[in-house]
Amino acid sequence: MAEKITKRADDYSQWYLDIVQQAGLAENSDVRGCMVIKPHGYAIWEKMQRALDRMFKDTGHVNAYFPLFIPKSFLAKEEEMAEGFAKECAVVTHYRLKTIPGKGVQVDPEAKLEEELIIRPTSETIIWNTYRNWIQSYRDLPLLINQWCNVVRWEMRTRLFLRTAEFLWQEGHTAHATQAEAEEETRKILDVYRTFAEEWMAMPVLTGLKSAGQKFPGAVYTLCIEAMMQDKRALQAGTSHFLGQNFSKAFDVKFQDQNGKLEHPWATSWGLSTRMVGGLVMTHSDDQGLVVPPRLAPIHVVIVPIFRKPEEKQATCDAARKLAQALGAMPPDPWYNYEPLTVKIDDRDQHQPGFKFNEWEVKGVPIRVELGPKDLAQNACVLARRDLPGKESKMMGVPLAEAPTRIVGLLKAMQSALFERARKFRADNTLSVDTWDDFKKKIDEPGGFLWAHWDRTRETEDKIAAETKATIRCIPYEQTKETGKCVLTGKPSEGRVVFAKAY
RNA sequence: CGGGGCGUAGCUCAGCUUGGAUUAGAGCGCUUGGUUCGGGACCAAGAGGUCGGAGGUUCAAAUCCUCUCGCCCCGACCA
């Protein structure tokens, strides 16, 4: 355990892989492009799930589950979606193997499926095929359903969490009687995502509209939250789509309104995936290891008792257990989703304290408590915050009786400090550009988010992408009204959009 | 899918050019015992590898050849 982590400044993508590996988040599996999410990584995902799930429930959504397999013909019913996903679909063609003595197994050619099944890259088709039977009256609407599941997109090039062939996510699929209501839902979910990203992940995000070139195939438009990683590249962190009547028409879903008239319902869909775990790593972690925002930390506090003699071990561990109990008994707080604080006591005697300090720093535990004979003698302990590493920032001589309250205070302080730091980083790496020369220069150096005018055409967007590798990340909601000239073509523009190189 | 790099112990790698005396090695990690213990301890003794896989050349292959699989980087692609 605990070797060197490549410095961010030396090799950012190696640094990312080192963090993921050494913090025990995930590893590559023997299946190309598919990862094994290890307990510590999965625990973070579970925390994300619980926080998001509560937010979905609080906004009236319910969970359900739809099949992994989708008849191939379903995909074809919505043409734009078929086009968008055809190239990355895994296909099931047979339903049986046969064993060959001494040679293992082979696909039984007799067992060919009449209709091939694709493995869901997303579930709009099977869900809207099901909704046809569920929706008859305006009284059946709105239908507000979410599912937590895995999906498969056969990616050429994969990176742990950020882009894998199989990943975990939630996908919401709603049906509404009116266009206005569906559009409101699309916005409402975007707001849920923004709140989740900023308040739970401590990850500042831009919210806005995707350009036509970047939207979800099958959507009328796509809204997104977009974050900046520490290498100044953009990460699409969540998307919410207004689907219009595209799927209700494709799957012939109709309802009778109050006047007895048959109408196609209006749809939305929205998703957020395990990619967010990668985003979390790349937003907060440092050269020492993982940094997890306290609200999503699987372990909030680690207590390291310090001892040499058996009686010291006894005494410090007793005190550690007492403190852990006191922390666990803190009143339920929506701030950590009404869950008890999790506390780990590291009483292993095969490692020295210094080793343990480093190991828990690599794993990103927000608060460390050091508890040795000297502290015990004055009924105190030492506290250290993960985002302020080093000996200097330790808080010495904190009375044990006050420790639980102090720790909760530190967790909250750390959460906001992480958010502020990330926000400042984004602000420091965001600039406006007005000329094409300036754009080409600044997209490479210094890089980051470039606010620029754009003539709203697909051709210009593609040209800029081809020449600079920068894409339009979003057309932000929050911006000052300003007319100008497209940075490439000079044609009139009614507002700036954000360009960046993206993951 | 194209270009490049790399696959030898759990991890990082040496050995390969010039095939054979290396009985396949080192450091870290792991096991056992002892001394240690407030920022990655030390000593000793151990366990652990069909050299990514399959063919081929040869008296002899980790080493040479062919094919194949995987990983990393760059490109193309990417809701």
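Note that these values count all heavy atoms, side chains included, but never hydrogens, waters or copies made by symmetry. Labels below follow one simple rule: chain letters A, B, ... track the order of the sequence lines, proteins then strands, and each chain is numbered from 1.
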* Structure fact -> Checking C72(B), C77(B), G39(B) against the side chain of K87(A) (C-beta onward), the nearest is C77(B)
* Structure fact -> Atom NZ of K38(A) and atom P of C11(B) are separated, to the nearest Å, by 10 Å
* **Integer angstrom distance from the P of G49(B) to that of U8(B)** => 15 Å
* Return the nucleotide paired to A54(B): Watson-Crick means purine N1 to pyrimidine N3 with N6-O4 or O6-N4, wobble means G-U with N1-O2 and O6-N3, both under 3.5 Å. => U66(B)
* Any-strand Watson-Crick or G-U partner of A61(B), both distances under 3.5 Å -> none
* Can you check whether S13(A) has a side-chain N or O nearer than 4.0 Å to OP1 or OP2 of C73(B)? -> yes
* Structure fact -> Partner of K313(A) under side chain to side chain donor-acceptor pair (under 3.5 Å), picked from D349(A), D318(A), D347(A), is D349(A)
* **Whichever of F85(A) and Q350(A) has its nearest RNA chain B nucleotide further upstream toward 5'** => Q350(A)
* Structure fact -> pair_partner(U22(B)), Watson-Crick or wobble, both distances < 3.5 Å, evaluates to none
* Asked: Say you pick atom P in A47(B) and the same atom in G25(B); how far apart are they, in whole Å?
  -> 12 Å
* Between E116(A) and T93(A), is any side-chain donor less than 3.5 angstrom from a side-chain acceptor? -> no
* Asked: Contact class for G372(A) vs. all strands (heavy atom < 4.0 Å): base, sugar-phosphate, or nothing?
  -> base
* **Per F355(A) side chain, nearest of listed nucleotides C78(B), G38(B), G40(B)** => G40(B)
* To do: For V304(A), report the nucleic acid contact type (base, sugar-phosphate, nothing); a contact means any heavy atom under 4.0 Å.
  => nothing
* Roughly how far apart, to the nearest Å, are C64(B) and C74(B) at atom P? -> 29 Å
* Provide, to the nearest angstrom, the distance between the CZ atom belonging to R348(A) and the P atom belonging to G40(B). => 15 Å
* Just call it for R368(A): base, sugar-phosphate, or nothing, with non-hydrogen atoms closer than 4.0 Å on any strand. => base
* To do: Return the value, rounded to whole Å, for the distance between atom CD of E27(A) and atom C1' of C72(B).
  => 16 Å
* To do: Only counting residues at least two apart or in another chain, list the ones meeting ring-ring contact (aromatic ring centres under 6.0 Å, His included) with H351(A).
  => F355(A)
* **Base paired to A41(B) (Watson-Crick or G-U; both N/O distances under 3.5 angstrom)** => U35(B)
* **N28(A) CG - C71(B) P separation (whole Å)** => 6 Å
* To do: Go through the structure and list residues passing ring-ring contact (aromatic ring centres under 6.0 Å, His included) with W266(A), not counting sequence neighbours.
  => none
* Calculate the interatomic distance between K356(A) atom NZ and G38(B) atom C1'; express it in whole Å. => 12 Å
* P atom, C28(B) versus U22(B): distance in rounded Å? -> 23 Å
* Distance only, no hydrogens: is a donor on one side chain within 3.5 Å (strictly under) of an acceptor on the other, for H264(A) and Q245(A)? -> no
* Asked: With sugar-phosphate meaning primed atoms plus P, OP1 and OP2, does T222(A) contact a base, only sugar-phosphate, or nothing at under 4.0 Å between heavy atoms?
  -> nothing
* To do: Sticking with atom P, work out how far G53(B) lies from G2(B), rounded to a whole angstrom.
  => 24 Å
* Asked: Could you state the CD-C1' distance from Q14(A) to C11(B), rounded to the nearest angstrom?
  -> 13 Å
* Structure fact -> Closest of C78(B), G38(B), G39(B) to the P373(A) side chain is G38(B)
* For atom P, what is the distance between U31(B) and G39(B), given to the nearest Å? -> 24 Å
* Roughly how far apart, to the nearest Å, are C43(B) and G27(B) at atom P? -> 11 Å
* Structure fact -> Within residues 315-324 of chain A, those residues having any heavy atom closer than 4.0 Å to RNA chain B are none
* Asked: So what does Y503(A) touch, heavy atoms closer than 4.0 Å: a base, only the sugar-phosphate, or nothing?
  -> nothing
* For G75(B), the Watson-Crick or wobble counterpart (both distances under 3.5 Å) -> C1(B)
* To do: Choose from C73(B), G40(B), C78(B) the nucleotide whose nearest atom is closest to any side-chain atom of R157(A).
  => C73(B)
* To do: For T342(A) and H300(A), test the side chains for any donor-to-acceptor distance below 3.5 angstrom and give the result as yes or no.
  => yes
* Pick base, sugar-phosphate or nothing for P121(A), based on heavy-atom distances below 4.0 Å to the nucleic acid. => nothing
* Asked: Strictly by modelled atom types, are Q288(A) and E361(A) linked by a side-chain donor-acceptor pair under 3.5 Å?
  -> no
* Structure fact -> To the nearest angstrom, the CG-C1' distance between L162(A) and C72(B) comes to 15 Å
* Does any donor atom in the side chain of E171(A) or S269(A) lie under 3.5 Å from an acceptor atom in the other side chain? -> no
* To do: Tell me, please, which residues at least two apart from H284(A) pass ring-ring contact (aromatic ring centres under 6.0 Å, His included).
  => none
* Torsion-based syn/anti label for A21(B), 90° from 0 as limit -> syn
* To do: Would you state whether a donor and an acceptor, one from the side chain of E361(A) and one from the base of G39(B), lie under 3.5 Å apart?
  => yes
* Q236(A) and K210(A) side chains, donor-acceptor separation under 3.5 Å -> yes
* With F499(A) via ring-ring contact (aromatic ring centres under 6.0 Å, His included) - residues at least two apart -> F439(A)
* Structure fact -> Heavy-atom nearest pair, I118(A) first then C89(A), reads CD1-SG, 4.1 Å
* **Separation between the P atoms of C13(B) and G52(B), rounded to whole Å** => 14 Å
* Atom of P476(A), atom of V498(A) and distance for their closest heavy-atom approach -> CG-CG2, 3.5 Å
* Answer yes or no: side-chain N or O of K394(A) and base N or O of G39(B) forming a donor-acceptor pair under 3.5 Å. => yes
* Using a heavy-atom cut-off of under 4.0 Å over every strand shown, decide if G33(A) touches base, sugar-phosphate, or nothing. => sugar-phosphate
* Asked: Which one is paired to C16(B), where only Watson-Crick or G-U wobble pairs with both distances under 3.5 angstrom count?
  -> none
* Asked: If only side-chain N and O atoms of K374(A) are considered, is one of them under 4.0 Å from the OP1 or OP2 phosphate oxygen of G38(B)?
  -> no
* Taking the six-membered ring for Trp, are the ring centroids of W270(A) and F216(A) within less than 6.0 Å of each other? -> no
* To do: Could you tell me which nucleotide pairs with C30(B) by Watson-Crick or G-U wobble geometry, both distances under 3.5 Å, or answer none if nothing does?
  => G46(B)
Give me, pair by pair, the N or O atoms of the protein and of nucleotides 32-37 of chain B that are less than 3.5 Å apart, along with how far apart they are.
from, atom 1, to, atom 2, distance (Å)
C37(B), OP2, R308(A), NH1, 3.0
C37(B), O4', Q352(A), NE2, 3.1
C37(B), N4, R308(A), O, 3.4

* Asked: Hey, which of these two, K469(A) or C381(A), hits RNA chain B nearer its 5' end, going by closest nucleotide?
  -> C381(A)
* To do: Return the value, rounded to whole Å, for the distance between atom OH of Y12(A) and atom P of C74(B).
  => 14 Å
* Asked: Has the side chain of D375(A) got a donor or acceptor atom sitting under 3.5 Å from an opposite partner on the base of G38(B)?
  -> yes
* Under 4.0 Å: is that the gap between some side-chain N or O of R159(A) and OP1 or OP2 of C72(B)? -> no
